[in-house]
Amino acid sequence: MYRILLPFLTYIAFVFESTVMQVVNPKQDWGILLIPHFSLVIIIFVASYLKPSYGIVYGLIFGLLTDLMYTDLIGIYMFSTALVAYITAVLSRFLFGNLFVTLVLTILGVAVLEFLVYGLNTLVGVANESVDLFLYNRLISTLILNGVFAILIYYPLLKFLRKMKDSIGEN
């Protein structure tokens with residue numbers, strides 16, 4: 001049951017990114033962008049608390065979905081999300097898993113994803129925003145939004161992932 005429920009929860013987070021956040025997101029006139037990466041936050045938790053391969057596969061799948069839904073270039077989010085899942089999985093093996101460490105890894109993962117996507121889009125000429133505008137208008141607010149989401153889901157998701165790990169016999 002857990003193997004079915006986890007992709008469903010990640011998909012719900014993915015849908016929540018685009019539907020509910022359009023209503024809650026502040027107007028563009030304010031100059032800030034809140035970019036939700038809720039499915040990435042769940043993928044980071046999966047990569048940190050389950051096998052890294054689960055996080056990488058989820059990163060590939062949901063990154064591809066993001067590419068298909070929101071971008072013109074296929075592969076940028078797919079590559080970046082899987083890479084972030086791998087990086088956080090490696091880092092989590094060396095760090096003690098508590099709320100603070102998980103929050104730092106999540107914020108680091110979202111920042112790495114944002115920089116990778118910005119860099120790759122700049123490289124191919126899709127993005128023409130300067131780095132300082134990117135930092136002030138997009139990155140800081142995005143990190144705060146996804147950090148708050150990570151704090152809100154930390155205990156329920158951690159409990160779920162531990163039950164899943166016990167049911168599938170992972171060590």
For this session: Flag yes if Phe14 and Phe160 sit in one hydrophobic cluster, no otherwise; membership is Ile, Leu, Val, Met, Phe, Trp, Tyr, and two members link when side-chain heavy atoms are under 4.5 Å apart.
Result: yes

Problem set entry | Close side-chain approach of Phe79 and Leu120, heavy atoms under 4.5 Å | yes

Problem set entry | Counterpart residues, side-chain hydrogen bond (donor to acceptor under 3.5 Å, both in side chains), relative to Ser80 (two or more places apart) | none

Exercise. Are Phe8 and Phe149 connected, step by step, through hydrophobic side chains (Ile, Leu, Val, Met, Phe, Trp, Tyr) whose heavy atoms are closer than 4.5 Å?
Worked result: yes

Exercise. So do the side chains of Pro36 and Leu145 get within less than 4.5 Å of each other, counting heavy atoms only?
Worked result: yes

For this session: List the atom of Leu139, the atom of Phe115, and the distance in Å for their closest heavy-atom pair.
Result: CD2-CE1, 3.5 Å

Problem set entry | Co-membership, hydrophobic cluster, residues Tyr118 and Leu135, 4.5 Å side-chain | yes

Exercise. With sequence neighbours left out, which residue pairs that include part of residues 55-74 fulfil the side-chain hydrogen bond (donor to acceptor under 3.5 Å, both in side chains) condition?
Worked result: Ser18-Tyr70, Asp67-Thr71

For this session: Step by step, work out the side-chain contact (heavy atoms from CB on, under 4.5 Å) result for Asn121 and Leu73.
Result: CA-CA 9 Å; Asn121 281 330; Leu73 297 171; 4.0 Å; yes

For this session: Answer whether the closest heavy-atom distance between the side chains of Tyr77 and Leu68 falls below 4.5 Å.
Result: no

For this session: Hey, could you give me the CD1/CD1 distance between Ile87 and Ile44, rounded to the nearest 0.5 Å?
Result: 10.0 Å

Exercise. Side chains of Ile35 and Val110: does their closest heavy-atom pair fall under 4.5 Å?
Worked result: no

Exercise. Has Tyr11 got more than 12 heavy atoms of other residues, nucleotides or ligands less than 6.0 Å from its OH?
Worked result: no

Exercise. Got a second to check how far Leu83's CG is from Leu60's CG, nearest 0.5 Å?
Worked result: 10.5 Å

Exercise. If every non-hydrogen atom of Ile42 is compared with every non-hydrogen atom of Ala13, which pair is closest and at what distance?
Worked result: CD1-CB, 3.5 Å

Problem set entry | Worked verdict on Thr102 versus Ser48 for side-chain contact (heavy atoms from CB on, under 4.5 Å) | CA-CA 8 Å; Thr102 305; Ser48 297; 5.9 Å; no

Exercise. Excluding sequence neighbours, so at least two apart, what forms side-chain hydrogen bond (donor to acceptor under 3.5 Å, both in side chains) with Thr106?
Worked result: none

Exercise. Residues in side-chain hydrogen bond (donor to acceptor under 3.5 Å, both in side chains) with Ser130, at least two apart?
Worked result: Asp132

Problem set entry | Straight-line distance of Leu5 CG to Thr10 OG1, nearest 0.5 Å | 9.0 Å

Exercise. Counting N and O atoms only, with roles assigned by atom type, does the side chain of Tyr49 sit under 3.5 Å from a partner on the main chain of Leu161, one being a donor and the other an acceptor?
Worked result: no

Seminar exercise, completed: Tightest non-hydrogen contact, residues Thr81 and Gly63, listed as OG1-CA, 3.9 Å

Exercise. side-chain contact (heavy atoms from CB on, under 4.5 Å) between Thr142 and Leu33: does it pass, once the steps are laid out?
Worked result: CA-CA 7 Å; Thr142 298; Leu33 286 172; 5.6 Å; no

For this session: Would you mind reporting whether Ile74 and Leu64 have side-chain heavy atoms less than 4.5 Å apart?
Result: yes

Exercise. So do Val104 and Leu95 actually touch side chain to side chain, heavy atoms under 4.5 Å?
Worked result: no

Exercise. Is it true that Leu116 and Ile107 fall in one hydrophobic cluster, defined by side-chain heavy atoms closer than 4.5 Å?
Worked result: yes

Problem set entry | Heavy-atom closest contact (Val84 atom, Leu40 atom, distance) | CG1-CD1, 4.0 Å

Problem set entry | Side chains of Leu6 and Leu50 in contact at under 4.5 Å (non-hydrogen atoms) | yes

For this session: Examine Ile61 and Tyr54 and state if one hydrophobic cluster contains both, with Ile, Leu, Val, Met, Phe, Trp and Tyr joined whenever side-chain heavy atoms are less than 4.5 Å apart.
Result: yes

Seminar exercise, completed: Looking only at heavy atoms, the pair that brings Ile43 and Phe62 closest together is CD1-CB, 4.0 Å

Exercise. Under 6.0 Å from the OH atom of Tyr86, do we count more than 12 heavy atoms belonging to anything else shown?
Worked result: no

For this session: For residues Leu103 and Gly147, report the shortest heavy-atom separation together with the two atoms involved.
Result: CD1-O, 3.5 Å

Exercise. Do any pairs count as a salt bridge (Lys or Arg N to Asp or Glu O under 4.0 Å) and have a residue in residues 100-126, sequence neighbours left out, and if so which ones?
Worked result: Glu114-Arg138

Exercise. To the nearest 0.5 Å, how far apart are CZ in Arg93 and OG1 in Thr88?
Worked result: 9.0 Å

For this session: Scan for salt bridge (Lys or Arg N to Asp or Glu O under 4.0 Å) pairs involving residues 7-24, sequence neighbours excluded, and state none if there are none.
Result: none

